[in-house]
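Please read these numbers as outputs of a predicted model, since none were measured by experiment. All ligand and atom numbering here is 1-based and tracks the order in the structure. Only heavy atoms go into these numbers, but all of them, side chains included; no hydrogens, no water, no symmetry mates.
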Amino acid sequence: MSASPLPAIVHLDADAFFVSVEQSLNPALRGKKVAVGGRERGIISSASYEARACGVYTPMPTARALRVCPDLILVHHGSGKYGEYSRRMFDLCEELTPLVERRSIDEGYIDLGPRGHGTQAEIVAVAGGLQRRIWDELQIPVSLGVATNKLVSAVASKLQKPHGFVVVPPGGEAEFLAPLDIGRLPGVGPKTEASLKALGIARVADILARGEAELQAIFGSGWLEMLAAARGEDDSPVETEHEEAKSYSQQETFARDIGDFEEIERVAKGMIDALMPQIRADGKRVRTVTVKARYPNFEHASAAHTLPESSDLETAFYPWVAPLLRKAWTKRRPLRLVSVKLSGVDDGPRQLDLFGAADDERRKRLASAVDVLKARRGDGAVMRGAQLRGPGRERG
Ligand SMILES: [Mg+2]
């Protein structure tokens, strides 16, 4: 083989994860109409494929699910066990390679490219072996997409759920995507899908057929990203948590567009809460916070603020969330996505403000203590993505 190995990214997506965990713990639930839901929140967070065939989906109010599917077996949303299964599942992935990016409690990317100059057949065999092993050891069904990049592998893994295994050969990315429904592209939610279809864009190929001016009119500043996605181009690396980070970021695509300022502000602050423990654990400090807002049509804008001195405390960045959000969210239309990035990473010794130092140290100790508690409860580093997605947003 040549010196540069074939790029090979596997996207792993567990099937009906919460329900699958319940079925693994209680095999009597297998093959039945089962859903996991919170009674007090009243929302279905995961539904078996049998329940889906009966009209149950996520997120759906529990009361409604029981109406459309009266013989539905409702399992109370348990805490802790899903995180434990998630850890064991990703640990099996990391036995293959350390290049594993845990995107959420039940989804992640595995970079098999540098692993061993594998031929396509060898890569496919390794991925198939992983799928079997996760089933053998955990009784969790997973769907895999194998491709040369993250974007295409993520589309592929969703295509034949459950127990899916879809391989897109190198060079075949655009051809693979072209006939697919436009809603299959990452970031195209049901609303965007409907408005694109009204414009005659029903399949991915329909984007490629449009001219630049037309795409700009439709997608605004996000048109180039959209075009690259439609072509199956994506050079974003698989990011492991062990790597030196240049920035820390988190984003959330809402299941429905949100127009409430305070709700978005809460989500954005929650992202700072989720990112800071990792920054402290890495022994880093950050200086710049960027808030990005995206509308359903892919138009987006961002605003940033840089502190005079880097910090690893949530409280240093909280006050900037609302002003930055106001600056980025100029069009008062509901948002589809919000993201927070913390950059300007610094690990040098910091300059202590003599008067503020004692207080700062106390707050830092308090913050570290909370991190330890979170880690003990099992919703620490590994669970960060899941925490933000919330139990109501598991999709497949
Ligand atoms: Mg899933």
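When distances to the Mg ion (ligand 1) are checked against a cut-off of 2.8 Å, D106 contributes an N, O or S atom below that limit. In summary, A16 places no N/O/S atom under 2.8 Å from the Mg ion (ligand 1), failing the contact criterion. Distance check for D13 against the Mg ion (ligand 1): an N/O/S atom falls below 2.8 Å.
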Subject >> Worked check of side-chain contact (heavy atoms from CB on, under 4.5 Å) between W223 and I218 >> reply: CA-CA 8 Å; W223 77 277; I218 297 169; over 6 Å; no

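Judged by the 6.0 Å and 45° rule, R256 forms no cation-pi pair with F254.
Each of L96, D111, T97, L144 was compared with V10 under the side-chain contact (heavy atoms from CB on, under 4.5 Å) criterion, and only L144 meets it.
For R280 and E314, the salt-bridge test passes: some basic side-chain N is under 4.0 Å from an acidic carboxylate O.
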